[in-house]
Chemist: 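One structure follows; several queries about it will come next.
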Amino acid sequence: MENNYYPFVNLPLPYDYSALEPYIDAKTMMLHHDRHLQSYINNLNELLSENPRLQRLSLEQLCRLDTGRLPYELKTGIKNNAGGVYNHRLYFESLRKPTGTGPVGMLARAIEGQFGDVKRLFDELKKAGMSVFGSGYAWLVSERGRLGIMTTKNQDNPIGIERGLCPVLTLDVWEHAYYLKHYNLRGDYIDDWWQVIDWDRANSNYAECFK
Ligand SMILES: [Fe+2]
């Protein structure tokens, strides 16, 4: 991941704001990337600005940080905002304009081996996304090559929860990800999110998990 250390900057989206239309609208993408993600970046930089020791840590290390000895405010702030940056970058980077394609490469083979077919993977991811009460994420993760589905609350993420978990895809189910277009219909948003997944990127995310 580029710009993996303090000071963090908001990397531009690798596509136009309107690239995911008609599934995810340009205004949602603009607000989500330029305002919500930007806030997490600003907050994280602010929290680290007076803590040079923490500035040497990568984004992933900040997510995994054992914050036991840090003051409470700093501990909560770093966990929420480092997670906010990591989770949103993965979310945005794993989307692209709709192409109508499905899983590719070693990820496709793993999905077929474990879920039988891609429809079943989708059904389970959707169920997980729908089950998040309040704000959070559903994830496709790899644990030593084995795929799994999990959810996290707020800006928590799998890498901060357990060292062996490696994210392949993330589904942001915070209302800010869909409310402008889909109102309260999270299920419709999840159906639309599925249409704009960058499966090449998901496959390379999965391959990274083996390194
Ligand atoms: Fe979000």
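For ligands, and for the atoms within them, numbers begin at 1 and follow the listed sequence.
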Chemist: Should D123 and K127 count as an ion pair when the cut-off is N to O under 4.0 Å?
Modeler: no
Chemist: Is it the case that over 12 heavy atoms from other parts of the model lie below 6.0 angstrom from the CZ atom of F210?
Modeler: yes
Chemist: Leaving out waters, which are not shown anyway, how many protein N, O or S atoms lie closer than 2.8 Å to the Fe ion (ligand 1)?
Modeler: 4
Chemist: Would you indicate whether the side-chain heavy atoms of L147 and Y206 approach each other to under 4.5 Å?
Modeler: yes
Chemist: How does the hydrophobic cluster around L180 look, that is, which other residues are in it when side-chain heavy atoms under 4.5 Å mark a link?
Modeler: L31
Chemist: Do T101 and D200 have side chains that get closer than 4.5 Å, going by heavy atoms?
Modeler: no
Chemist: Check whether any side-chain N or O of R120 sits under 3.5 Å from a backbone N or O of F115 as a donor-acceptor pair, and report yes or no.
Modeler: yes
